[in-house]
Amino acid sequence: MNPRIDGTKFGSITIDGSDIEHDVLIRLAGEIKKRKKKLSKAVFGTSHIISLEKAEHIFEKGAERLIIGSGHYGNITLLEEASEYFKKKEVRVDLSPTPEAIHQWNKAKGPTIGPFHVTC
């Protein structure tokens, strides 16, 4: 069962009543982890890119859907190589600004994973 995301404001996300003041990655089992920004930042100078390496870190066997909260202004981008990786793994990818992605998350059915960016 996925945790319910109650809402977001710039700089935080509220999940099951708990305010979290950093980006998160919600795993298949509902585990909430801090999103690893360093994977892209070391290569691209920004954490606003989902690279192949980051896609490999995000992916979990059994996932059917990936909902990406791309920030309040939609600044996260998915590189073509990462997109192709998810296609090969047969994972549907939805990339939306975080407030919209939250609505998609709360309505999602089936095995879903989700990184959510809480600032830009």
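- Distance alone, capped at 3.5 Å, is enough to place a donor-acceptor pair between the Asp16 side chain and the Arg4 backbone.
- Hydrophobic clustering, with ILVMFWY side chains joined whenever heavy atoms are under 4.5 angstrom apart, groups Ile76 together with Tyr85.
- Taking each heavy atom of Ala101 and Gly69 in turn, the nearest pair found is CB-CA, 3.6 Å.
- Interatomic distance, CG of Leu25 versus CD1 of Ile58, reported as 6.0 Å (0.5 Å rounding).
- Considering every non-hydrogen atom in both Pro99 and Gly71, the closest pair reads CD-O, 4.4 Å.
- Between Ile113 and Ala63, the shortest heavy-atom contact is CD1-CB, 4.0 Å.
- Between the side chain of Glu60 and the backbone N or O of Leu28 there is at least one donor-acceptor pair closer than 3.5 Å.
- Atoms CG and OG1, from Asp23 and Thr98 in turn, are 8.0 Å apart once rounded to the nearest 0.5 Å.
- Phe59 approaches Arg27 most closely through the heavy-atom pair O-NH1, 4.2 Å.
- Between the CG atom in Leu66 and the CG atom in Leu78 there is a gap of 8.0 Å [rounded to 0.5 Å].
- Between Val118 and Phe10, every side-chain heavy-atom pair lies at or beyond the 4.5 Å cut-off.
- Cluster annotation: Val91 and Ile50 are assigned to the same hydrophobic cluster (Ile/Leu/Val/Met/Phe/Trp/Tyr, side-chain heavy-atom contacts under 4.5 Å, transitive).
- Between Ile5 and Asn106 the shortest heavy-atom distance is O-ND2, 2.8 Å.
- Taking the six-membered ring where tryptophan is involved, the planes of Phe116 and Trp105 are perpendicular, since the angle between them exceeds 60° and thus also 30°.
- The hydrophobic cluster containing Ile20 does not contain Ile68, counting ILVMFWY residues as joined when their side-chain heavy atoms lie under 4.5 angstrom apart, directly or transitively.
- With rounding to the nearest 0.5 Å, the separation of CD in Glu80 from CG in Leu52 is 11.5 Å.
- Between Arg35 and Val24 the shortest side-chain heavy-atom distance does not fall below 4.5 Å.
- For Asp94 (side chain) and Ile67 (main-chain N/O), no donor-acceptor pair under 3.5 Å exists by modelled atom type.
- Between the side chain of Asn2 and the backbone N or O of Gly30, no donor-acceptor pair lies under 3.5 Å.
- Interatomic distance, CD1 of Ile26 versus OG1 of Thr112, reported as 10.0 Å (0.5 Å rounding).
- Rounded to the nearest 0.5 angstrom, His22 NE2 and Lys33 NZ are separated by 11.0 Å.
- When every heavy atom of Pro111 is checked against every heavy atom of Gly62, the shortest pair comes out as CB-O, 3.2 Å.
- Applying the side-chain hydrogen bond (donor to acceptor under 3.5 Å, both in side chains) test to every pair with at least one member in residues 69-79, sequence neighbours left out, gives these pairs: Thr8-His72.
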